[in-house]
Amino acid sequence: MLGLTIEQIAYLFRGAGWTIVLSVLGFVGGTLLGLPVALARASKSRLLRFLSGLLVQLVQGIPLPVIMFVVYFGISIAGFDVPALVAAGVAMTLYSGAYLGEIWKGCILAVPRTQWEAGECLALTKTQRFVFVILPQALRIAVPPTVGFLVQIVKNTSYSVVINFFDLTYSAKVINNATYKPFTVFTIAALIYFAICFPMSLLASRFDRRLHRS
């Protein structure tokens with residue numbers, strides 16, 4: 001098939017499976033980190049805004065492959081034998097958490113100030129206003145950019161090849177080294193990436209259109 005054996009094609013799909021696993025790890029970890037970062041970034045506390053902003057600027061100012069190197073070799077220097085999946089997952093969590101934190105901070109601040117005031121008129125506490133009034137509206141705004149960012153997470157997992165994590169890009173590199181058919185191998189890899197990312201792009205566009213219609 002296209003000059004490749006069935007086993008080689010299956011090897012590429014095995015790599016694609018690990019790409020999906022790493023993407024899920026990055027999104028779940030990024031959500032757990034990004035939500036408190038967003039709350040800190042939108043809070044009135046100057047200290048929380050400074051600390052969360054420092055984390056965001058630090059992560060966004062360093063290329064993702066370098067973050068992966070630092071996490072992978074940093075943990076190894078500390079004396080721990082860390083699998084590449086764990087190191088890549090931690091790096092993707094930092095990357096996703098910083099960006100999702102900024103996205104969700106913007107969504108929280110996009111809710112009109114009058115909504116806070118309306119909750120205050122109903123004698124709701126600050127926590128009740130946030131949970132029952134602000135958060136539902138912010139979540140509705142956050143769905144399209146969050147789904148759109150998922151596409152970036154999937155594509156950026158390819159950087160994990162720098163620490164030899166077995167993902168789609170790594171498996172394509174191995175098959176290419178064995179067959180010397182770079183155009184065929186990487187075209188198939190590109191099509192698999194497209195097959196993973198395109199449905200999410202469509203979903204993000206659909207959410208965005210629905211949001212603008214409502």
What residue pairs, at least two apart or across chains, pass side chain to side chain donor-acceptor pair (under 3.5 Å) with a residue in [range]?
{"range": "residues 141-156", "value": "Y95-N156, W104-T146"}
{"range": "residues 106-115", "value": "Q115-Q137"}
{"range": "residues 20-44", "value": "R41-E102"}

Quick check for you: to the nearest 0.5 Å, what is the distance between [X] atom [atom1] and [Y] atom [atom2]?
{"X": "Q128", "Y": "T125", "atom1": "CD", "atom2": "OG1", "value": "3.5 Å"}
{"X": "Q8", "Y": "N176", "atom1": "CD", "atom2": "CG", "value": "10.5 Å"}
{"X": "L25", "Y": "M92", "atom1": "CG", "atom2": "CE", "value": "9.5 Å"}
{"X": "K173", "Y": "D167", "atom1": "NZ", "atom2": "CG", "value": "10.0 Å"}
{"X": "I9", "Y": "S171", "atom1": "CD1", "atom2": "OG", "value": "10.5 Å"}
{"X": "I196", "Y": "T157", "atom1": "CD1", "atom2": "OG1", "value": "7.5 Å"}

Pairing residues for F132 by the ring pair (Phe, Tyr, Trp, His ring centres under 6.0 Å) criterion, not counting sequence neighbours = none
F73 meets the ring pair (Phe, Tyr, Trp, His ring centres under 6.0 Å) criterion, sequence neighbours left out, with F69
Side chain to side chain contact (heavy atoms under 4.5 Å, CB included) with P36: which residues, sequence neighbours excluded?
-> none
Cluster overlap [X] with [Y], hydrophobic side-chain contacts below 4.5 Å:
{"X": "I20", "Y": "L191", "value": "no"}
{"X": "F165", "Y": "V70", "value": "yes"}
{"X": "F186", "Y": "F166", "value": "no"}

Closest non-hydrogen atom pair, [X] against [Y]:
{"X": "G97", "Y": "L33", "result": "CA-CD2, 3.9 Å"}
{"X": "C197", "Y": "V154", "result": "SG-CG1, 3.7 Å"}
{"X": "V37", "Y": "G101", "result": "CG1-CA, 3.9 Å"}
{"X": "A88", "Y": "M68", "result": "O-CE, 4.3 Å"}
{"X": "G30", "Y": "S96", "result": "CA-CB, 3.7 Å"}
{"X": "I108", "Y": "A42", "result": "CG2-CB, 4.1 Å"}

Show your working on side-chain contact (heavy atoms from CB on, under 4.5 Å) between S160 and L22 and close with a plain yes or no.
-> CA-CA 9 Å; S160 62; L22 181 56; 3.8 Å; yes
If you link ILVMFWY side chains whenever their heavy atoms are less than 4.5 Å apart, which other residues fall into the same cluster as F194? By chain and number, please.
-> F198, L202
For F183, the rest of its hydrophobic cluster, which grows through side-chain links under 4.5 angstrom | none
Evaluate the side-chain proximity of L39 to F130: yes if any heavy-atom separation is below 4.5 Å, no if none is.
-> yes
Do the side chains of L35 and L100 get nearer than 4.5 Å, heavy atoms only?
-> no
With sequence neighbours excluded, give me every ring pair (Phe, Tyr, Trp, His ring centres under 6.0 Å) pair touching residues 22-58.
-> none
Apply the test side-chain contact (heavy atoms from CB on, under 4.5 Å) to residues V162 and Y72: give CA-CA distance (whole Å), side-chain angles for both, the deciding distance (0.1 Å), then the verdict.
-> CA-CA 10 Å; V162 299; Y72 185 63; over 6 Å; no
Can you give me every donor-acceptor pair (side chain of residues 51-67, partner residue at least two apart or in another chain, under 3.5 Å) with its distance?
from: S52; atom 1: OG; to: L48; atom 2: O; distance (Å): 2.7
from: S52; atom 1: OG; to: R49; atom 2: O; distance (Å): 3.2

Would you mind listing every salt bridge (Lys or Arg N to Asp or Glu O under 4.0 Å) that reaches into residues 7-27, with sequence neighbours excluded?
-> none
Look at the rings of Y99 and F149 and say which category their plane angle falls in: under 30° parallel, 30 to 60° tilted, over 60° perpendicular.
-> parallel
Sequence neighbours excluded, the answer for side-chain hydrogen bond (donor to acceptor under 3.5 Å, both in side chains) partners of T169 is Y193
